[in-house]
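Any value given below was found using the heavy atoms of this structure, including those in side chains, with hydrogens, waters and symmetry copies removed. When a ligand or atom number is given, it counts from 1 through the structure's own listing order. Each residue takes its place number in the sequence, starting with 1.
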Amino acid sequence: MTTDESRDAKNRQLDGFRAHPEHSALTTDQGVRIDDTDNALRAGTRGPTLLEDFHNREKITHFDHERIPERVVHARGAGAYGYFEAYESLAEYTCADFLGEAGRRTPVFVRFSTVQGPRGSADTVRDVRGFATKFYTREGNYDLVGNNFPVFFVQDAVKFPDFVHAVKMEPDSEMPTGASAHDTFWDFCSLQPESTHMLMWLMSDRAIPRSYRMMQGFGVHTFRFVTDDGRGTLVKFHWRPKLGVHSLVWDEAQIAAGRDPDFNRRDLWEAIESGDHPEWELGVQLVPEGDEHAFGFDLLDATKIIPEEQVPVRPIGRMVLDRNPQNFFAETEQVAFHTANVVPGIDFTNDPLLQGRNFSYLDTQLIRLGGPNFSQIPINRPLAEVHHNHRDGYGQQVIHPGTNYFPNSLGGGCPAHAGAGGGAGVFRHYQERIDGEKIRVRSASFDDHYSQAALFWNSMADWERRHIVEAFRFELGKVESAAVQQRMVDNLGNVDPELAAQVADGLGMTAPTQSRRGSEEVSPALSQENLRAPGICTRKVAVLVAEGTDAAQTDAMRERLADEGAVVEVLAEKGGIVGGADGTAIEVDRALRTAASVLYDAVAVPGGAEAVETLEADPAAVRFVAEAYRHGKPLAMLGEASRLMHAAGLPVTVVDDPAPSQGLCVGAGEVADRVTREFVSAIEQHRFPVRPGMFG
Ligand code: HDD
């Protein structure tokens with residue numbers, strides 16, 4: 001084929017596309033139409049590329065500039081749109097318009113994130129998760145920039161760069177990616193006892209959430225609600241997921257990081273695409289100004305919670321995420337959160353961590369988004385009207401007419417001071433009397449670093465404690481410096497002697513001699529045992545089949561689970577169709593080799609002698625069942641399928657006497673219906689973390 005012929009053929013291929021009225025023609029940045037973006041302009045078909053090809057140069061130059069600096073922390077994330085709906089008017093406490101009327105809906109954009117890893121790191125690493133919400137209220141944008149833990153590593157923002165340097169990859173090797181299990185992090189924490197409470201959360205299963213949709217969120221700091229007439233109430237914010245709070249187990253999280261590094265991102269995306277819109281309830285803990293000092297800790301200390309048993313969480317509204325972004329970069333990457341984006345009715349306290357954040361977020365966007373006009377980017381633009389005298393700068397999008405200073409008479413005095421004659425909707429700072437020396441000293445009320453770390457430990461179920469011990473052993477086991485390990489273990493001796501002894505034992509070290517319990521208090525609200533929710537909506541269930549599977553059982557199981565809102569996928573050696581024992585065709589959703597048990601919440605295997613024989617001989621199927629068991633997942637084995645438990649090498653006690661109370665639902669023939677029922681309630685429980693032979 002000659003060059004011309006080949007070009008004609010290509011053009012014919014594309015003709016349908018070009019002619020389609022919905023598709024606009026390719027142009028340059030200047031709107032000039034371009035007929036070929038596949039071949040650079042050249043001198044002869046085999047000659048050099050010509051500099052005068054402005055389309056080629058423009059295309060490559062733009063490409064060369066596509067990346068912006070990633071966030072210095074929280075670089076990896078996923079976002080979605082939705083709305084917040086207030087349950088009632090909170091006018092008694094705040095003049096915030098979006099909380100002013102029952103049923104008022106405010107559009108939101110939420111970005112979830114990990115903290116340590118870069119943009120391309122895995123989702124399921126052990127880490128804090130960011131939970132940042134932008135409310136596009138009628139009175140301007142309000143950002144609630146929180147995490148899935150209610151406390152933080154340091155008390156003063158001036159320590160933040162040190163903390164981040166320590167937790168990020170080490171400066172010489174740039175390792176490890178997405179992990180805190182390394183020397184610099186533990187060196188820092190062992191020397192910074194204020195991090196102890198946060199470390200308890202980080203070593204717990206809260207740091208490996210099953211889904212962004214299944215984690216709590218916290219504003220962390222104590223903020224302030226303010227009424228129209230200037231009255232303040234101290235407030236802490238809580239997000240509670242409708243689906244309950246659920247986590248992965250550590251071994252599962254590590255495998256998932258390889259099997260699907262996008263595990264949490266995909267989960268959020270797919271749930272929204274399929275119409276299962278994730279939902280959280282926003283709650284507040286309200287503390288009258290006069291009670292600020294009524295607690296045994298300082299409300300300005302971000303390493304402390306107010307136990308829910310002391311101040312109950314009052315639900316004030318719900319948030320639903322119902323729309324995925326159209327363009328990751330334009331929306332999720334360019335969204336710019338800022339703790340100082342507050343609206344009338346919401347104000348700060350003197351928490352030194354919050355005060356520092358109020359500087360940092362604006363500053364970081366200037367470098368990340370290339371200048372001072374990032375609030376003009378569509379995702380950051382408020383719905384409220386914007387009028388000011390900020391002018392020019394990189395990326396200016398607005399053609400501002402008229403005057404650019406205040407006061408002016410030539411521009412009619414505009415923009416004028418809002419609310420000069422009083423009136424609602426104007427931001428007014430809470431008036432607080434401050435009296436103090438100019439000193440670099442932290443209040444003694446910030447000194448207790450162990451009581452609440454112990455409170456967390458005391459509140460955990462046995463299996464949660466076991467996971468915490470295992471996590472400390474893993475993380476500190478990765479530390480090379482014995483001095484750092486010992487210092488950390490000694491530090492844990494101030495939380496609980498048993499915790500310190502178990503961690504020391506796992507590291508082959510001596511337990512601290514000076515151990516004591518940091519507190520005897522318990523807060524049941526902290527345990528995941530008490531944070532489950534009814535139902536199995538959106539839980540993912542794998543059904544393993546092969547030629548000869550009992551099709552009736554498969555259908556019944558699939559239908560029942562789907563009725564309950566679960567997402568069911570039928571897996572077989574290959575995609576397509578397999579023949580059931582009675583000749584009925586069973587449609588396969590996914591080939592086993594493209595899946596893994598860590599991508600599902602539960603596994604079911606219908607009966608059928610021939611099929612079970614095939615599965616027993618398939619290492620991928622056997623591994624699937626074994627892994628699901630060892631990660632504590634509900635298993636339903638119908639009819640002959642229970643034989644797979646032998647093949648999977650599960651403990652003899654379990655194989656001989658599988659107990660539904662352990663999430664092992666086994667049975668044949670007429671009891672299949674009961675087995676399915678038990679399976680549904682087992683999935684509702686999520687995990688069975690006390691099985692014999694489990695991975696921790
Ligand atoms: Fe921060 C990002 C949450 C302390 C400085 N932070 C960032 C994000 C979240 C948090 C969720 C990601 C926002 C997004 O999705 O774009 N940060 C927290 C919480 C903290 C906290 C809950 C403690 C209670 N942060 C903190 C301190 C400082 C920062 C003390 C600095 C003094 N944080 C930043 C930052 C980031 C950021 C450097 C990086 C990218 C960005 O802001 O936009 O400014």
task: Could you establish whether His338 and ligand 1 come within less than 4.0 Å of each other, counting only heavy atoms on the residue side?
output: no
- prompt: Which ligand 1 atoms, with their elements, are less than 4.0 angstrom from a heavy-atom of Phe337?
  reply: 13 (C), 14 (C), 15 (O), 16 (O)
- prompt: So does His388 have more than 12 non-hydrogen atoms from other groups sitting under 6.0 Å from NE2?
  reply: yes
message: Under the ring-ring contact (aromatic ring centres under 6.0 Å, His included) definition, can you give me all pairs with a residue in residues 284-309, not counting sequence neighbours?
response: Phe295-Phe297
task: Would you list the protein N, O or S atoms within less than 2.8 Å of atom 1 (Fe) of ligand 1, leaving out water?
output: Tyr361 OH
query: Under 3.5 Å, is there a donor-acceptor pair between the Ser180 and His182 side chains?
result: no
- request: Return yes if a side-chain donor-acceptor contact under 3.5 Å exists between Asn358 and Thr339, otherwise no.
  value: yes
query: Do the ring centers of Tyr361 and Phe337 come within less than 6.0 Å of each other?
result: no
query: Can you tell which part of Asn147 has a heavy atom less than 4.0 Å from ligand 1: side chain, backbone, both or neither?
result: both
Sequence neighbours excluded, every pair satisfying ring-ring contact (aromatic ring centres under 6.0 Å, His included) that has a member inside residues 302-333: none
- line: min-distance protein heavy atom vs atom 23 (C) of ligand 1 -> Phe152 CD1, 3.4 Å
query: Which atoms from ligand 1 have a heavy atom of His221 less than 4.0 Å away?
result: 24 (C)
statement: The protein heavy atom nearest to atom 15 (O) of ligand 1 is Arg111 NH1, 2.7 Å
Which of the ligand 1 atoms, numbered from 1, are nearer than 4.0 Å to a heavy atom of Leu353: 23 (C), 24 (C), 30 (C)
- prompt: Is the shortest N/O to N/O distance between Gln365 and ligand 1 below 3.5 Å?
  reply: yes
- request: Please state whether Gly146 comes within less than 4.0 angstrom of ligand 1, counting heavy atoms only.
  value: yes
field: Ser445 vs Asp298, side chain to side chain donor-acceptor pair (under 3.5 Å): CA-CA, chis, key distance, verdict
entry: CA-CA 6 Å; Ser445 54; Asp298 200 321; 2.6 Å; yes
task: Mind jotting down which residue pairs meet the ring-ring contact (aromatic ring centres under 6.0 Å, His included) criterion with at least one end in residues 109-129? Sequence neighbours excluded, please.
output: Tyr81-Phe109, Phe112-Phe131, Phe112-Tyr212, Phe112-Trp280
field: ligand 1 contact by Phe131, heavy-atom criterion under 4.0 angstrom
entry: yes
- request: Would you check if there is a donor-acceptor pair between the side chains of His238 and Gln216 at a distance under 3.5 Å?
  value: no
- prompt: Which residue holds the protein heavy atom closest to atom 41 (C) of ligand 1, what is that atom called, and what is the gap in Å?
  reply: Thr364 CG2, 3.4 Å
field: Ring center gap for Trp250 and Phe474 short of 6.0 angstrom
entry: yes
message: Between Glu279 and Arg318 (salt bridge meaning N to carboxylate O under 4.0 Å), is one present in this structure?
response: yes
- line: re atom 38 (C) of ligand 1, the protein heavy-atom contact at minimum distance is Val72 CG1, 3.4 Å
- prompt: Can a salt bridge be assigned to the pair Asp97 and Arg104 using a cut-off of 4.0 Å between side-chain N and carboxylate O?
  reply: yes
query: Does an N or O anywhere in Arg71 fall below 3.5 Å from an N or O of ligand 1?
result: yes
